[in-house]
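Model, not experiment: these values are computed from the prediction. The figures here come from the full heavy-atom set of this structure, side chains too, leaving out hydrogens, waters and symmetry mates. Proteins get letters first, then strands, A, B, ... in listed order; numbering begins at 1 in each.
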Amino acid sequence: MFLKVQLPWNVIISAENLDAKGLMLQRSIIIRLLDDFACKKATKDLGYFLAVTTLESIGEGKVRQHSGDVLFPVVFSGITFKLFRGEILDGVVHKVLKHGVFLRCGPVENVYLSNLKMAEYKYVPGENPVFLNEKLSKIGKDVTVRVMVIGTKWLEVERDFQALVSVEGDFLGPIS
Amino acid sequence: MNCEVSLILEHKYEQLQQMSDDPLNQVSQVFEKSLQYVKRFSRYKNPDAVRQVREILSRYQLAEFELCVLGNLCPETVEEAIAMVPSIKNRGRALDDEAIEKMLNDLSLIKRFE
């Protein structure tokens, strides 16, 4: 689910980029903020960082002792994406394996639907493997599936989330 | 909701397009995948429709996440809505089946006239 967050942040501007004109300063702060934001990718609490919507306030700059950079505390609003346990959402299958499939939900690639969580579906091997149930409903590559999140995990090293989902429930499963 | 995020991300993407010839190179993987996802899964494309959807859902004292899940998944029946967001039937709220049905009908009207 997409979240709207308000965050404090410290933007560091190096001395070369500081300009006497006030307008340029605000612009460099915004550009630096967007860069930092794009590099950060995701955090455990807020999820994946997508976009900055507004810059709420810029505090007074503090000069850092040894480097000569100036640190500006800012507060901004932005959009993030995070998966929650119990949430129901749509995903697209991008990999089919013998014991389950991997879906993509927004920026999260590692959303795993195990064959144990789609008991009615059987694996059908072949050049284009799929999972098929008795009513001939298919879960295969590029199929949209409505799933429920049963667990999430934050991987500190890769700065990525993993999720475990299920289709056991009313109104869950492939959507045409 | 996905449709609101879609408007925001598309606007950002257009801003980038105006600034450079190759916007896809400038955006992160996270942004690109999210943009693809919201464009594919937004039921309402028109900004006025999106605003109306939020307005209608806001009338029903829903928690923010309940509003989002309903706006994203667009259930067609009361049963489906309760399966998607079981909490709307909790805690003796003023949300009986009739109210839910009216809400879903209003939403589907917007989709029809978009």
Side-chain angles (χ1 to χ4, degrees), chain A residues 1-5 30-31 34-43 47-54 77-92 94 103-111 142 144-149 158-161 167-173 175, chain B residues 1-16 19-20 23-43 50 54 63-90 104:
Chain A
M1 161 172 312
F2 291 94
L3 306 172
K4 187 164 171 193
V5 297
I30 294 179
I31 293 178
L34 291 176
D35 279 339
D36 287 351
F37 197 70
C39 290
K40 195 96 190 243
K41 190 174 169 190
T43 63
Y48 290 86
F49 286 6
L50 290 180
V52 173
T53 46
T54 47
S77 290
I79 308 236
T80 65
F81 180 83
K82 191 175 174 191
L83 288 172
F84 293 90
R85 184 138 57 104
E87 184 185 344
I88 296 183
L89 78 171
D90 295 330
V92 181
H94 66 94
L103 300 126
R104 185 180 296 135
C105 295
V108 190
E109 294 268 305
N110 303 330
V111 180
D142 293 329
T144 300
V145 187
R146 187 158 286 182
V147 295
M148 167 146 78
V149 179
E158 295 95 332
R159 299 200 80 87
D160 252 324
F161 279 91
V167 290
E168 316 236 293
D170 294 328
F171 301 103
L172 298 178
I175 308 239
Chain B
M1 287 191 278
N2 288 355
C3 41
E4 292 170 325
V5 177
S6 174
L7 293 175
I8 296 175
L9 292 186
E10 279 183 22
H11 179 66
K12 291 270 162 197
Y13 188 69
E14 275 164 17
Q15 281 182 327
L16 279 172
M19 292 202 287
S20 83
L24 269 178
N25 238 351
Q26 306 260 343
V27 296
S28 61
Q29 281 268 309
V30 169
F31 187 92
E32 199 187 315
K33 289 194 195 141
S34 306
L35 181 59
Q36 262 178 15
Y37 180 79
V38 290
K39 271 166 99 159
R40 185 169 173 167
F41 292 108
S42 317
R43 291 303 185 84
V50 173
R54 176 150 289 256
E64 190 64 38
F65 81 89
E66 291 169 335
L67 191 153
C68 283
V69 177
L70 288 172
N72 287 346
L73 303 179
C74 295
E76 312 211 328
T77 62
V78 177
E79 212 182 273
E80 200 180 335
I82 299 178
M84 303 283 109
V85 195
S87 57
I88 56 180
K89 286 301 254 175
N90 285 353
L104 297 180

Approximate separation, where rounding is to 0.5 Å, of [X] [atom1] and [Y] [atom2]:
{"X": "L172(A)", "Y": "M84(B)", "atom1": "CG", "atom2": "CE", "answer": "5.0 Å"}
{"X": "Q36(B)", "Y": "R104(A)", "atom1": "CD", "atom2": "CZ", "answer": "7.0 Å"}
{"X": "I79(A)", "Y": "E4(B)", "atom1": "CD1", "atom2": "CD", "answer": "8.5 Å"}
{"X": "S34(B)", "Y": "F81(A)", "atom1": "OG", "atom2": "CZ", "answer": "7.0 Å"}
{"X": "L3(A)", "Y": "F65(B)", "atom1": "CG", "atom2": "CZ", "answer": "12.5 Å"}

**T53(A) to I8(B) - nearest heavy-atom pair and separation** = CG2-CG2, 4.1 Å
**Message:** Ignoring hydrogens, what is the shortest heavy-atom contact between A51(A) and L9(B)? Give both atom names and the distance.
**Reply:** CB-CD2, 4.0 Å
**Complete:** Comparing R146(A), M148(A), K41(A) against chain B, the one with the most heavy-atom pairs below 4.5 Å turns out to be R146(A)
**Item:** Residues from residues 70-79 of chain B approaching chain A under 4.5 Å (heavy atoms)
**Value:** L73(B), T77(B), E79(B)
**Asked** Passes side-chain contact (heavy atoms from CB on, under 4.5 Å), R40(B) versus D90(A)? Steps please.
**Response** CA-CA 10 Å; R40(B) 185 169 173 167; D90(A) 295 330; over 6 Å; no
**Message:** If I measure from the heavy atoms of chain A, does V85(B) come under 4.5 Å with its side chain, its backbone, both, or neither?
**Reply:** neither
**Request:** Verify the neighbour count for atom NE2 of H11(B): are there more than 12 heavy atoms of other residues, nucleotides or ligands below 6.0 Å?
**Result:** no
**Request:** Tell me, yes or no, whether the heavy-atom count around R159(A) atom CZ, taken from other residues, nucleotides or ligands under 6.0 Å, exceeds 12.
**Result:** yes
**Request:** Please answer whether the main-chain N or O of V52(A) pairs with a side-chain N or O of K12(B) as donor and acceptor at a distance below 3.5 Å.
**Result:** yes
**Item:** Structural part of F84(A) lying under 4.5 Å from a heavy atom of chain B
**Value:** neither
**Item:** Contacts of K4(A) that satisfy side chain to side chain contact (heavy atoms under 4.5 Å, CB included) - sequence neighbours left out
**Value:** none
**Asked** Going by the angle between their ring planes, with limits at 30° and 60°, are Y37(B) and F2(A) parallel, tilted or perpendicular?
**Response** tilted
**Asked** Please walk me through it: do L89(A) and F41(B) pass side-chain contact (heavy atoms from CB on, under 4.5 Å)?
**Response** CA-CA 10 Å; L89(A) 78 171; F41(B) 292 108; over 6 Å; no
